[in-house]
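Below is one structure, written out as structure tokens; the observations come after it.
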Amino acid sequence: MVLKSNSKVLTSLTPFFAMACIGSSRLCARVEKLCQQSGHFAQIRRRFTTTGVKLHQESQRPVTSLVQQCRQQNQTTPRDHTFSATRAMSSMQTQQPGSLPDLHVDPYRLLEDDLKDVYDDIRRELIMNTTVDELKTIATYYFDGQGKALRPMVAILMARAINYHKERNGLLPSQRQVAMIAEMIHSASLIHDDVIDQSDFRRGKPSVNVLWSQKKVTMTGDFILAVASMMIARLKNDDVTLTLSQVITDLVQGEFMQLGSKETENERFAHYLTKTYRKTASLIANSAKAVAMLGGADERLADVAFQYGRNIGLAFQLVDDLLDFVSSSSTMGKPTAADLKLGLATAPVLFACERYPELNPMIMRRFQEPGDVAKAFELVHKSQGLEQTRFLAKKHCVEAVRLAQSLAESPYQKGLIVVSDLVINRMK
Ligand code: GRG
């Protein structure tokens, strides 16, 4: 089988960094190096409210600006050594310059039926596994159709794209189960996160911990994980079991890492990126890998799926960290400027630190002194930290696009490309 790609569309990441690094060259050089190394770390429609994805008035078709940028840049210097074999093979099938596929695909519309059923089935699975009425209520609270469904969307798009790539059609029942499992692990982690952070609201409604006791809520998170584990066991595939179990260890480690911080700027960014991978990207990466494996992908193709998910996940969290500084609580459906209040120094602060070193002691004391949060907020806005964060996120989206382009052209492969635009341009 030949992996198809458009080498003219493969994009150098350098221009993004050049722009990201205005006024902050030392840290950017380090971050770029870290990013190059990071390969080894180990009602559904319209949920993404976006700035940049313009929808055609009549057809509601997204215009994929990121992909257009890739085409315009017309460069061929991908960095990840993992994919050199893919590129070598794909050079046989290079498309003509400017012959980018028509990307008028709306992933939510494409997967409307798949996603609707996934949520119904998750609720049924949870309800079926307990006789305790209150547990049913709490466990299904976040399966309310109000989330963005990013994880099941990526899992199903990847599953269908890989199946098509392998000249098969449709979605295997086991792959559908992985999409459900991914969303269940996500919701369990949101529930635990709400307890840890003592959140007030999420998705524009009171968070679980506001409505029920901490004990009940924590146990409900465990219950969702337990049901997800039974579903994993039923797949009877050891490699998939290992892959999805890795996610849970990563989530817990990521949350633990968030409790601590590093002293030097260099260590801090590496720590932040590993934490970001573990807290957010691992779930998306490993569920993409799991569906690929279930679809009969060999190791190399499964790694394409994994790396796509990893890049989308890193970009998603970087944008999340950015939105915490620029979005309103009403748009986000959860409190903003929350990270600083929780003592967390995310990418915008870490970038801003180079321009304003007075942020260093504030980071070390986790913004605990009166005035720290307001001062740090102001300095981030005065610096280039927000732009630099967006460019770093964009770099990961460009890489995700490159990876998706190595799969055979199909509506689902196009959907994977459009997801990168949804991620970079999202407003909530
Ligand atoms: C018990 C599984 C488990 C984990 C315990 C608490 C914890 C360890 C991990 C926290 C992981 C976490 C909440 C990471 C944040 C990821 C993130 C950006 C969540 C928000 O995702 P969205 O915006 O949510 O996709 P919606 O509401 O759209 O579903």
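Counting starts at 1 for both ligands and their atoms, in listed order.
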Task: Asp320: numbered ligand 1 atoms lying under 4.0 Å from its heavy atoms - done: 18 (C)
Task: Atom CD of Glu378: over 12 foreign heavy atoms under 6.0 Å - done: yes
- [ ] Check if Ile248 has a non-hydrogen atom at a distance under 4.0 Å from any atom of ligand 1.
- [x] no
- [ ] Dump the intermediate steps for salt bridge (Lys or Arg N to Asp or Glu O under 4.0 Å) on Glu399 and Arg402, then the final yes or no.
- [x] CA-CA 5 Å; Glu399 182 62 6; Arg402 187 186 74 77; 2.9 Å; yes
TODO: With heavy atoms under 4.0 Å as the rule, classify the contact between Leu150 and ligand 1 as side chain, backbone, both or neither.
DONE: neither
Task: Interfacing atoms of ligand 1 (cut-off 4.0 Å, heavy-atom, Ile196) - done: 6 (C)
- [ ] For the pair Arg168 (side chain) and Gly295 (backbone), establish whether a donor and an acceptor sit closer than 3.5 Å, ignoring hydrogens and angles.
- [x] yes
Task: Flag, side chain of Thr264 to backbone of Glu267, donor-acceptor distance under 3.5 Å - done: yes
Open item on the list: Counting only heavy atoms closer than 4.0 Å, does ligand 1 sit against the backbone of Tyr142, its side chain, both, or neither?
Closed with: neither
Could you list the donor-acceptor pairs under 3.5 angstrom formed between side-chain atoms of residues 220-231 and any protein atom two or more places apart in sequence or on another chain?
unit_1: Thr220; atom_1: OG1; unit_2: Lys216; atom_2: O; d: 2.7
unit_1: Asp222; atom_1: OD1; unit_2: His192; atom_2: NE2; d: 3.2
unit_1: Ser229; atom_1: OG; unit_2: Leu225; atom_2: O; d: 2.8

- [ ] With heavy atoms under 4.0 Å as the rule, classify the contact between Asp193 and ligand 1 as side chain, backbone, both or neither.
- [x] both
Open item on the list: Give me the residue, atom name and distance of the protein heavy atom closest to atom 4 (C) of ligand 1.
Closed with: Ser189 CB, 3.8 Å
TODO: Can you pull out the closest protein heavy atom to atom 10 (C) of ligand 1? Residue, atom name and distance to 0.1 Å, please.
DONE: Glu255 OE1, 3.3 Å
Open item on the list: I need the atoms of ligand 1 closer than 4.0 Å to a non-hydrogen atom of Thr280, numbered in the order shown.
Closed with: 16 (C)
Task: Arg202 to Tyr141 six-membered ring, cation-pi geometry met (6.0 Å, 45°) - done: no
TODO: Specify the closest pair of heavy atoms between Ile424 and Ala393, including all atoms of both residues, with the distance to one decimal.
DONE: CD1-CB, 3.6 Å
Open item on the list: For Ala408, is there any backbone N or O sitting under 3.5 Å from a side-chain donor or acceptor partner on His165?
Closed with: yes
Open item on the list: For Arg151, state whether at least one heavy atom is located under 4.0 Å from any atom of ligand 1.
Closed with: yes
Side chains of residues 343-352: which donor-acceptor partners sit under 3.5 Å, not counting sequence neighbours?
none

Task: Proximity of Leu225 to ligand 1 by residue part, where a heavy atom lies under 4.0 Å - done: side chain
Open item on the list: As a check for students: among Gln317, Arg203, Lys148, identify the option with a heavy atom nearest to atom 29 (O) of ligand 1.
Closed with: Arg203
- [ ] Record the part of Asp222 in heavy-atom contact with ligand 1 below 4.0 Å; permitted values are side chain, backbone, both and neither.
- [x] neither
TODO: Pick, from Lys279, His186, Arg426, the option with the minimum heavy-atom distance to atom 12 (C) of ligand 1.
DONE: Lys279
